[in-house]
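The structure appears right after this line, and notes come after that.
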There are 2 protein chains.
Amino acid sequence: MRDPASKKDVALEDMASGCVGCVTRSLCLGEGLNQQQLKGLERIITIRGPYRTGQAIYRLEERFNSLFIIRAGTVKTESVSQEGNNLVDGFFFQGDVFGMEAIGSATYEHDAVALEETWVCELPFEQFESLCQFVPRLQHKIMLLFGQKMRHTNQSIVHGRCQSVEQRLMGFLRMLCQKSVLQDEKCRSSVQLVMTKGDIASYLGLRPESLSRALRKLQSRGIIRNHGKRVEVLNVSAVSSEVCK
Amino acid sequence: MRDPASKKDVALEDMASGCVGCVTRSLCLGEGLNQQQLKGLERIITIRGPYRTGQAIYRLEERFNSLFIIRAGTVKTESVSQEGNNLVDGFFFQGDVFGMEAIGSATYEHDAVALEETWVCELPFEQFESLCQFVPRLQHKIMLLFGQKMRHTNQSIVHGRCQSVEQRLMGFLRMLCQKSVLQDEKCRSSVQLVMTKGDIASYLGLRPESLSRALRKLQSRGIIRNHGKRVEVLNVSAVSSEVCK
DNA sequence: CGATCAATTGAGTGTGTTCAATGTCAGTGG
DNA sequence: CCACTGACATTGAACACACTCAATTGATCG
């Protein structure tokens, strides 16, 4: 968090620019739009930040008005289970859209919490819908995004249910590596965990203890190395392969 | 299947009519559209059926072109896990839209299989997108649908992971009852299972044996009665209550 | 430097799985 | 009509894996 070479030292001027000059655009809804269309998008978004670690972008039961897109940083969404435990539903990285679960609902369904210094674009949903009427490409993109999201959920959650803990964990590490690649434009064999192990465990449907043991198992099999907030992936092919075990 | 009073004896003329006179419309994307807008929708849909039990509406890896809406009947979607088992991802009832997971993908992600005599409306997606450009209400409705779907997935799958088998089962029965109410316009305390117990087990992330035992437990607690393909809900309030156990 | 929260480790328990056997039912053909 | 078949459903016993609870270590911060 205080590593001066870290990507987290975001240049403030980068965060101030609109969609047209946005460094994150290739990942975002604006990808593939022409100048004029980008201007339209730029008119309705508001850039918000910096959020500090632990700060909420929105909270459960707040009125739903906007989607959010991550410019820089990381966000988790979490809700409360029947038993009263916190339950992490998702992690969101640069370029990811969050808040979509609230569409059609009066209020947000989760808390959205920054996991590090984070900047987001607020996208008022009603205005966005109107804009989609005039920019077919934008309508198309949001639909693609919905489809993607459903596929991802299905892949990770539904299929995850009939996988072993280690398989699920490897799937998660795979996802983290991909996101790192997208952000850094280079392949990394080491992943910085901005979230706590407890959050990861919750996301994977596990107790923290079980996650800890699973990490140790993968380490003993020579696939990863686990030092605290950093996980080295030693055997990239094992983690990357779709069929594991 | 041959019960003469059954809802499954669908009147053929009902199935032949377009959107304007559709008996299912109140459940469908067309809900709330005016005559002219309905005509637009009607122009692009194709009514397909009857599909017999076990017949596929589409199959994994077939080219994705259309969404489907159920006019009458029931459909399951299933994919194949890494280990090669069939995995039921969803059940769809009258008025439900399926095929959405394939949006943005070249091919379908699942098999969609009829669980009884079934009629569907095929909705070519590209044409649908174009239509949405001219009918804001339709664009809005599909977005609502996406949001709903995500919320439902989150509720049932993510939260399901930290529930006991019995809780998940009760959640499933609750869902079935709601769907029955929608279809029959009356509250029923008895649900006909068109899917096999194996399908239900798969959907709930269980082995058939575990489902069987869970049903027996609920029965021994006086909450349901389990006779083969029919489940009587004796204690509706227990099944309906959000907080159980 | 304690204080606090996160992460790890160990021992014992419990829930769902696995495997194998049995029961039920609908459809088929002698 | 009844025996046979095959798919689905149920039951039991033994097991495995993740959970629970409790103690310890490690990291972070005022």
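Here is the naming used below: chain letters follow the sequence lines, and residue numbers restart at 1 for every chain.
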When we call it a touch if two heavy atoms are under 4.0 Å apart, what does B:T196 touch: a base, just sugar-phosphate, or nothing? sugar-phosphate
In whole angstroms, how far is the P atom of C:dT8 from the CZ atom of A:R225? 13 Å
Does A:N226 make a side-chain N or O approach to OP1 or OP2 of C:dA7 shorter than 4.0 Å? no
Can you tell me if the side-chain N/O atoms of A:S212 get under 4.0 Å from OP1 or OP2 in C:dT8? yes
Can you identify which nucleotide, out of C:dT8, C:dA7, C:dG16, has its nearest atom closest to the A:E209 side chain? C:dT8
Whole Å only: how far is the CG atom of A:L193 from the P atom of C:dA7? 9 Å
Report yes or no: do A:N86 and A:S202 form a side-chain donor-acceptor pair below 3.5 Å? no
Going by the angle between their ring planes, with limits at 30° and 60°, are B:Y108 and B:Y58 parallel, tilted or perpendicular? parallel
Options D:dA9, D:dT10, D:dA18, nucleotide nearest the side-chain atoms of A:V165: D:dA18
With heavy atoms under 4.0 Å as the rule, sort B:D199 into base, sugar-phosphate or nothing. nothing
The nucleotide from C:dT17, D:dC19, C:dT8 with an atom nearest the side chain of B:R213 is C:dT17
In whole angstroms, how far is the P atom of C:dT8 from the CG atom of A:L215? 6 Å
Rounded to whole angstrom units, what separation is found between the CZ atom of A:R52 and the C1' atom of D:dC29? 14 Å
Rounded off to whole Å, could you give me the CG-to-C1' distance for the B:L115 and D:dC8 pair? 15 Å
Looking at D:dA18, C:dG16, C:dG10, which one has an atom nearest to any side-chain atom of A:R216? C:dG10
For the residue pair B:F146 and A:F146, does the interplanar ring angle fall in the parallel (under 30°), tilted (30 to 60°) or perpendicular (over 60°) class? parallel
Would you tell me whether B:E61 and B:T107 have side-chain atoms, one donor and one acceptor, within less than 3.5 Å of each other? no
Closer to the 5' end of DNA chain D via nearest nucleotide, is it A:K217 or B:M195? B:M195
Would you kindly give the CD1-to-P distance between B:I200 and D:dC8, to the nearest whole Å? 13 Å
Could you tell me the separation between the CZ atom of B:R230 and the P atom of D:dC8, rounded to a whole number of Å? 20 Å
Is a donor-acceptor pair below 3.5 Å formed from side chain A:R207 to base C:dT8, judging by atom type as modelled? no
Would you kindly compare B:K197 and A:K229 by the position of their nearest DNA chain D nucleotide and give the one closer to the 5′ end? B:K197
Any donor-acceptor pair under 3.5 Å from B:Q94 side chain to B:R71 backbone: yes
Short N-O contact, B:K76 and B:E78, less than 4.0 angstrom: yes
Does any donor-acceptor pair link the side chain of A:E166 with the base of D:dC17 at a separation under 3.5 Å? no
Determine the contact category for B:L211: base if any of its heavy atoms lies under 4.0 Å from a base atom, sugar-phosphate if only primed atoms, P, OP1 or OP2 are that close, otherwise nothing. nothing
Find the distance B:R161:CZ to D:dA18:P and express it as a whole number of Å. 14 Å
